Amino acid sequence: MNLLAKAASGARLSADEATALYHLPLFELAAAAHAVRSQRTDPEVVSYLIDRNINYSNVCTVGCAFCGFYRTRRQADAYVLSYEEVSAKVLELEAVGGTRILMQGGVHPTLPFSWYTGLLEHLKQRHPRIRLEAFSPEEIRGMAKLTGMPSLEVLKALQAAGLDGLPGGGGEMLVDEVRHARHISPARISAGDWIRIMDEAQSLGLYTTATMVIGFGETHAQRVASMQRVRDQQDKALASYGNGFSAFISWTLQTEGVRVHGKVPGAGAHEYLQNLAVSRLFLDNIPNFQASWPTMGHKVAQTALFFGANDYGSTMLEENVVSQAGAKHRRVNEREIIRQITEAGFRPVQRDSLYNVVRVPDAAAILAQKPEVDFGALEAAF
Ligand code: SF4
């Protein structure tokens, strides 16, 4: 069996085989990835999530050169949202049928641990039906350092306060040689610590996702090495806890307006689609792959639905970390997502963050109407 046929069959690939996939013609790779996606998920359906991203603070001490979002504590536009401000944003999400918030900030040097647990308790009490997915492994590591507690104890305390899951932020390239390069993010959490904290979260039954960013100048072999860490962890988590990464989300480095600009090559649509297809073929133990419209735009995201993706991501009302590094496709609402999925020839379904279908929208009726809620206006109000 040749490599492409093996890949399209869904058989497990070695790292060398996955690296070789990058040299195959793009559309042959797409056909293999789409075949595997169609075996593992409903071939006619593309799911999406109604959620809201909330950046509770922009203060961060890590200083990644690709990040245009963070501020030092003393900068004039540094902020920490109050509990009431966060709650007001969740209220708006509830008003449009949303089911989850994704809450991330930076690594704040002085915010006490009780502030985080208090925030979760406040939100759980006010919004018991909204899932709270918050704090990437980098933030968990920051809380562990600040409190002197092991990260597992930090996670247990956050879970007791209402945390439902951890976003996959910081997983961008799980190869220390790349992520810790001086011109990229030398102070970033190591690949090993990222995996360890995700493992701890999975052991507690918390929801997790894995992410990947390309465009740092990494080799194909390093991309596959990063995926290998995710696949190995997923094997372990599924065998040990029956619970692992629910989705894999990849995008390209946004370099406009940030310090890394001109020092790394970035990556375009071709590389994004190629890498998405390889990840779908190599990560045989992860069910769901998201198309990334915020960084790639809707046309590329629609194309991604034929390169292995089965999910259109989420309404992402706010995403300051990506948008401040140049992503131009920030605002979207459910109607727009339904339009994109339908135009691509799939049936849209609204899911929750566990990938359960919560609603099958009447796409034709929704597209025939004007949107009931103007997300752009809502966002502008805050
Ligand atoms: S990417 Fe995250 S960890 Fe890095 S500087 Fe930005 S907020 Fe901080």
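Atoms within each ligand, like the ligands themselves, are counted from 1 in listed order. Remember, it's a predicted structure, so these values are computed and weren't measured experimentally.
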Going by the order shown, which atoms of ligand 1 are within less than 4.0 Å of some heavy atom of Tyr70? 5 (S)
What I want to find out is whether Lys89 reaches Glu92 closely enough, with some N-O distance under 4.0 Å, to be called a salt bridge. no
Does the distance from a Lys or Arg side-chain N to an Asp or Glu carboxylate O, for Arg126 and Glu84, drop under 4.0 Å? yes
Heavy-atom contact under 4.0 Å between Arg188 and ligand 1? yes
Would you mind checking if Lys299 and Glu343 are paired as a salt bridge, meaning a charged N to carboxylate O distance below 4.0 Å? yes
N/O/S of Cys64 less than 2.8 Å from atom 4 (Fe) of ligand 1? yes
Contacting atoms of ligand 1, where contact means under 4.0 angstrom from a heavy atom of Cys60: 3 (S), 5 (S), 7 (S), 8 (Fe)
Do NZ/NE/NH1/NH2 and the carboxylate oxygens of Glu121 and Lys124 come within less than 4.0 Å? no
